[in-house]
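Everything on this sheet refers to the single structure shown next.
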Amino acid sequence: MLDLLPDLFDHYEDKLTLVQSNWNSYGGKTIFYGEVVTVKCFEDNSKVKSILATPGNGKVLVVDGGGACRRALLGDMIAESAVNNDWQGIVIFGAVRDVGTLETLDIGVQALASNPIKTTKKDVGQVNVNIEIAGVIIKPDMMLYADKNGIAVSENPLDLTVLS
């Protein structure tokens, strides 16, 4: 399967909300989905690093970086940690770095842009709070579905067997 969202919207348009933004796919996995864990932070990826170092159990981390792209909230080492801890994907409303390496990792990564500059580490941020990205409220435990067509969320898991 090369596309997920078009088929999901064909079957579940009333259960999905598109998170419209200028997303770019950076990970080696272009289609990913899972239960949402959220982080809200600004130019400090301390919470991103600590969360992705814990067992992901197939979940997706959604990071509200305020859309700021002056510093990267995710790089190769943190992404490798996420792969090793069974995370399915990472969505960054902000920037990532080490994009050449990110595309070799078996994880979905979508972000607004790339920037080679790392963040400061002040251990500032909030975990598992409701966040708003592109006018869409994203809550912990929602489901997120992503591919190169974009990102969508739903309140509950969708039956993907209808796609086969």
Side-chain angles (χ1 to χ4, degrees), residues 1-41 47-65 67 73-76 78-96 98-114 126-164:
M1 176 185 338
L2 298 176
D3 295 290
L4 174 66
L5 290 187
D7 292 335
L8 282 180
F9 273 98
D10 288 351
H11 285 87
Y12 298 112
E13 185 173 2
D14 59 330
K15 295 183 179 179
L16 284 167
T17 302
L18 186 65
V19 184
Q20 290 188 310
S21 198
N22 294 320
W23 300 111
N24 295 294
S25 181
Y26 294 101
K29 190 183 287 187
T30 58
I31 294 175
F32 61 97
Y33 53 90
E35 185 180 320
V36 169
V37 174
T38 63
V39 169
K40 184 177 178 102
C41 58
K47 299 293 185 193
V48 175
K49 181 178 180 180
S50 63
I51 291 294
L52 292 174
T54 65
N57 302 316
K59 295 181 181 179
V60 175
L61 182 66
V62 182
V63 180
D64 178 1
L73 293 172
L74 178 75
D76 60 350
I78 296 174
E80 284 181 41
S81 173
V83 171
N84 294 335
N85 285 297
D86 192 33
W87 288 85
Q88 284 300 302
I90 307 161
V91 173
I92 305 281
F93 190 57
V96 297
D98 303 310
V99 297
T101 302
L102 291 181
E103 65 188 16
T104 69
L105 300 176
D106 188 28
I107 191 165
V109 177
Q110 290 210 22
L112 298 179
S114 63
Q126 299 170 289
V127 176
N128 268 340
V129 296
N130 291 356
I131 58 177
E132 183 176 342
I133 296 177
V136 176
I137 302 295
I138 301 173
K139 305 172 201 168
D141 303 324
M142 288 181 92
M143 289 295 293
L144 181 140
Y145 302 88
D147 68 9
K148 287 186 174 184
N149 295 286
I151 295 171
V153 292
S154 68
E155 289 288 340
N156 299 300
L158 303 176
D159 179 5
L160 300 185
T161 61
V162 301
L163 305 181
S164 36

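Nothing fancy with the numbering, it's 1 onward along the sequence. If you're wondering where the values come from, they're calculated on a predicted model, not measured in any experiment.
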Test log, rule side chain to side chain contact (heavy atoms under 4.5 Å, CB included), inputs V91 and L61: CA-CA 6 Å; V91 173; L61 182 66; over 6 Å; no

Should N130 and I138 be marked as a side chain to side chain contact (heavy atoms under 4.5 Å, CB included) after you check the CA-CA gap, both sets of side-chain angles, and the distance that decides it? CA-CA 6 Å; N130 291 356; I138 301 173; over 6 Å; no

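Here S81 contributes atom OG and L74 contributes atom CG; the two are 10.0 Å apart, rounded to the nearest 0.5 Å. In this structure, D76 CG and L105 CG are separated by 7.5 Å, a value rounded to the nearest 0.5 Å. Distance check: K59 NZ to I51 CD1 gives 10.0 Å after rounding to the nearest 0.5 Å. Rounded to the nearest 0.5 Å, atoms CG (N84) and CD1 (I107) are 9.5 Å apart. Expressed to the nearest 0.5 Å, how far CG of N149 lies from CG of L4 amounts to 8.5 Å.
Looking at D64, its side chain never comes within 3.5 Å of a backbone N or O of K40 through a donor-acceptor pair.
Residues satisfying the salt bridge (charged side-chain N to carboxylate O under 4.0 Å, His left out) test with K49, not counting sequence neighbours, are none. Under the side chain to side chain contact (heavy atoms under 4.5 Å, CB included) criterion, N57 pairs with P55, not counting sequence neighbours. Partners of A146 under the side chain to side chain contact (heavy atoms under 4.5 Å, CB included) rule, at least two apart in sequence or in another chain, are F32, Q110, L144, I151. Taking N128 as the reference, V37, T38, P140 meet the side chain to side chain contact (heavy atoms under 4.5 Å, CB included) condition, with sequence neighbours excluded. With sequence neighbours left out, the side chain to side chain contact (heavy atoms under 4.5 Å, CB included) criterion links D141 to E35. Every residue was checked against the salt bridge (charged side-chain N to carboxylate O under 4.0 Å, His left out) condition with D147, not counting sequence neighbours, and none meets it. Judged as a salt bridge (charged side-chain N to carboxylate O under 4.0 Å, His left out), and not counting sequence neighbours, E132 has no contacts. For Y145, the ring-ring contact (aromatic ring centres under 6.0 Å, His included) partners at least two apart in sequence or on another chain are Y33.
Atom NZ of K29 has more than 12 neighbouring heavy atoms from other residues, nucleotides or ligands inside a 6.0 Å radius.
Under the 4.5 Å side-chain criterion, counting only non-hydrogen atoms from C-beta, W87 is in contact with L52. Between L163 and L8, the closest side-chain pair of non-hydrogen atoms falls below 4.5 Å. When side chains are defined from C-beta on, V96 does not count as touching L73, because their heavy atoms never get closer than 4.5 Å. Residues N85 and V83 form no side-chain contact, since every pair of their non-hydrogen atoms from C-beta on lies 4.5 Å or further apart.
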Check residues 153-161 and write down every donor-acceptor pair under 3.5 Å in which the side-chain atom is one partner and the other belongs to a residue at least two apart or another chain.
{"residue": "S154", "atom": "OG", "partner": "N156", "partner atom": "O", "Å": "2.6"}
{"residue": "E155", "atom": "OE2", "partner": "K139", "partner atom": "NZ", "Å": "3.4"}
{"residue": "D159", "atom": "OD1", "partner": "T161", "partner atom": "N", "Å": "3.0"}
{"residue": "D159", "atom": "OD1", "partner": "T161", "partner atom": "OG1", "Å": "2.5"}
{"residue": "D159", "atom": "OD2", "partner": "T161", "partner atom": "OG1", "Å": "3.1"}

Pair up each side-chain donor or acceptor in residues 16-25 with any protein partner under 3.5 Å, not counting sequence neighbours, and list the distances.
{"residue": "W23", "atom": "NE1", "partner": "V19", "partner atom": "O", "Å": "2.8"}
{"residue": "N24", "atom": "ND2", "partner": "L112", "partner atom": "O", "Å": "2.8"}

